[in-house]
Protein chains: 2
Amino acid sequence: MAEVKLFGARVSPFSCRIEVALKLKGVEYEFIDEDLHKKSPLLLKYNPVHKKVPVLVHNGKPICESLVILEYIDETWEEGPSLLPKDPYERAMVRFWAKFLDEKCLPPMWKACWSIGEEQEKAKEESTELLKFLEGKFSGKKFFGGDNIGMVDIVANFISYWFIIVQELVGLQVLTKEKFPKLGEWIDEYLNSDIIKENFPPRDKLTAIFQARFEAAAAAGGGGGGGSGGGASK
Amino acid sequence: MAEVKLFGARVSPFSCRIEVALKLKGVEYEFIDEDLHKKSPLLLKYNPVHKKVPVLVHNGKPICESLVILEYIDETWEEGPSLLPKDPYERAMVRFWAKFLDEKCLPPMWKACWSIGEEQEKAKEESTELLKFLEGKFSGKKFFGGDNIGMVDIVANFISYWFIIVQELVGLQVLTKEKFPKLGEWIDEYLNSDIIKENFPPRDKLTAIFQARFEAAAAAGGGGGGGSGGGASK
């Protein structure tokens, strides 16, 4: 029995957050790849409230919700690289931007990918306005976390990879290097780091999944579908 | 110039969270009571992303989002009573339930108050299911935080006071002592503690505000209105 288990899904950006954090910290873990269309009784037992991946189980005790898990990992395995800074104000800023990404950015960005017509136009505009705040966050450092990958980078992995893939697939031009040069540089830097290259799901696999979903949505009259970035996860 | 300023609104449960936390910690602060229908330029400068109260400004640096502010207060003024426990797993549980309250409970509970017909019935059912999770959280202790008021109690102040007032006003029977005896006991205990009695807005004032809003909504065809618990705050 491994001490650390992660109930996740390889294609989920939320699950992937936890894998990246555990790898950064050098924590060994057992990965349980959940079928999001047929979740295991253990997952439902560990996360009766949300019934979603990821769930981290440490010494038999479950922790749910990816932002909560990331802080838990940082506080439990202190010896590895820090996901959050030590200074209370800087920690507050990390929490603010992580929350901003999940609660403000993700819903309209995903809607921009999966809706059509006026709804899509509105979601594209909203996404653009929100991305401007992120673009303004960079000040000469490689990552949101400074010189090293931190919690905000990890939380933003949806933007750097999942969104870019779906944007390309459906022909959107929301997050481009021309419009957001600093975010563009960050994405290159982030995706080229070893930890990300080794742990993100293959691009062709994600593309195939979203291509199938997009075709199904189009066949059903366009729009809809999607969930949030690779199935029921949080 | 005070070192600690709170841009808030006396009637907002979100703003009230911060006042309770600062009072518990014994931190002196200047309170700026914002008119939520005409927000000050300073508030908009300090919180350009959400444009909402509460905003805590400490030594000139702003912190937004009440959950983020609560953690900041706990980490900055360590000498006072702790809002979060020290153990990483228990801290994760506090963060989980705080997030649960804000993201899962609050929207349907507020919708149950301000909607009508089928939408209201659905919101009532959903609220009831969610409250069952909270009811199951108590195990012989007075507060969510154990023997003392902690972050979850503070975050749940919407439920203990604002919701109860509006529920009574509009004639709902969602959160009652018969259905949720442990939550009922917690509400009594919480509202009777000195820190809450001294810092919550007067019941008749809140009742008058919501009465006016309810009448306006009814005149406009029922439902709607509301925002989230006392205006634009978070």
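At most 12 heavy atoms of other shown residues, nucleotides or ligands fall within 6.0 angstrom of atom CD in B:Glu118. Residue-environment remark: NZ (B:Lys45) stays at or below the threshold of 12 foreign heavy atoms within 6.0 Å. Heavy atoms of other residues, nucleotides or ligands lying less than 6.0 angstrom from NZ of B:Lys111 number 12 at most. The environment of A:Lys179 atom NZ is dense: over 12 non-hydrogen atoms of other residues, nucleotides or ligands sit within 6.0 angstrom.
For the atom pair OG1 (A:Thr76) and CG (B:Asp87), the distance works out to 8.0 Å, reported to the nearest 0.5 Å.
If you run side chain to side chain contact (heavy atoms under 4.5 Å, CB included) between B:Pro88 and each of A:Glu78, A:Glu75, A:His58, only A:Glu75 comes through.
Electrostatic pairing of A:Lys104 and B:Glu65 does not count as a salt bridge here, judged by no charged N lying under 4.0 Å from a carboxylate O. The residues B:Arg91 and A:Glu71 are annotated as not salt-bridged, no charged nitrogen and carboxylate oxygen being separated by less than 4.0 angstrom.
With a threshold of 4.5 angstrom between heavy atoms, A:Arg95 approaches chain B through its backbone and through its side chain. Heavy-atom distances place the side chain of A:Trp97, and not its backbone, under 4.5 Å from chain B.
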| query | Step by step, would you call B:Met93 with A:Val68 a side-chain contact (heavy atoms from CB on, under 4.5 Å)? | reply | CA-CA 8 Å; B:Met93 292 305 102; A:Val68 176; 5.8 Å; no

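The choice from A:Phe96, A:Phe133, A:Tyr89 that makes the most heavy-atom pairs within less than 4.5 Å of chain B is A:Tyr89.
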